[in-house]
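Quick notes on the structure that follows.
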Amino acid sequence: MKTAPDYEGLGAQFGIAGALLLALAIPLSKWGWVLFLASNAFWFLFAIKLKYHKLAWQTVIFSGTSLLGIANTFYPGNPVQSWLTGLFT
C-alpha cells in the first residue's frame with residue numbers, strides 16, 4: 001500500500017528548523033528563509049489536499065514574505081529592498 005507524503009509533518013519540521021536558524025543570528029541564518037519557503041510549499045500542499053483554502057492563501061502570502069527575506073539577505077541592496085526602504089523611511 002502506498003502512503004501519501006506527510007506534508008503536515010514536513011511543513012512543521014522545515015518551519016521549526018527555519019525559525020531556529022533565523023533566531024540563532026549566525027552567518028548561516030539567512031538559510032532560514034529558504035527553509036521557511038520549503039515549509040510554505042509543504043503547508044500549501046497539505047492545505048490543497050484537505051481543501052483548506054484559507055490556509056492555502058495564507059501560505060501563498062507567507063511564501064511572498066519568505067521570497068522577500070531571501071532577496072534581502074542573499075542580495076542586499078536589491079531593487080525591491082531599495083524601493084521599500086525609500087517608501088517607508
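Along the sequence shown, residues carry numbers from 1.
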Does some side-chain heavy atom of [Y] sit less than 4.5 Å from a side-chain heavy atom of [X]?
{"X": "L84", "Y": "L68", "answer": "yes"}
{"X": "Y52", "Y": "F46", "answer": "yes"}
{"X": "F36", "Y": "L22", "answer": "yes"}

Under a 4.5 Å side-chain heavy-atom rule over Ile, Leu, Val, Met, Phe, Trp and Tyr, are [X] and [Y] clustered together?
{"X": "L24", "Y": "I70", "value": "yes"}
{"X": "I16", "Y": "W31", "value": "no"}
{"X": "W57", "Y": "W43", "value": "no"}
{"X": "L37", "Y": "F44", "value": "no"}
{"X": "F62", "Y": "L55", "value": "no"}

Inset, instruction - Examine distances only and state if a side-chain atom of Q81 and a backbone atom of G77 form a donor-acceptor pair shorter than 3.5 Å. - result: yes
Rounded to the nearest 0.5 Å, how far apart are [atom1] of [X] and [atom2] of [Y]?
{"X": "S29", "Y": "L20", "atom1": "OG", "atom2": "CG", "value": "9.0 Å"}
{"X": "W33", "Y": "T65", "atom1": "CH2", "atom2": "OG1", "value": "6.0 Å"}
{"X": "Q58", "Y": "H53", "atom1": "CD", "atom2": "NE2", "value": "15.0 Å"}
{"X": "L21", "Y": "L35", "atom1": "CG", "atom2": "CG", "value": "6.0 Å"}

Legend entry - Whether over 12 other heavy atoms sit under 6.0 Å from F74 CZ: yes
Minimum-distance pair of heavy atoms, taken over all atoms of [X] and [Y]:
{"X": "N40", "Y": "T59", "value": "O-CB, 3.9 Å"}
{"X": "S39", "Y": "G11", "value": "OG-O, 2.7 Å"}
{"X": "I48", "Y": "A56", "value": "CD1-CB, 3.9 Å"}

Inset, instruction - For the residue pair F14 and F42, categorise the inter-ring angle as parallel (less than 30°), tilted (30 to 60°) or perpendicular (more than 60°). - result: tilted
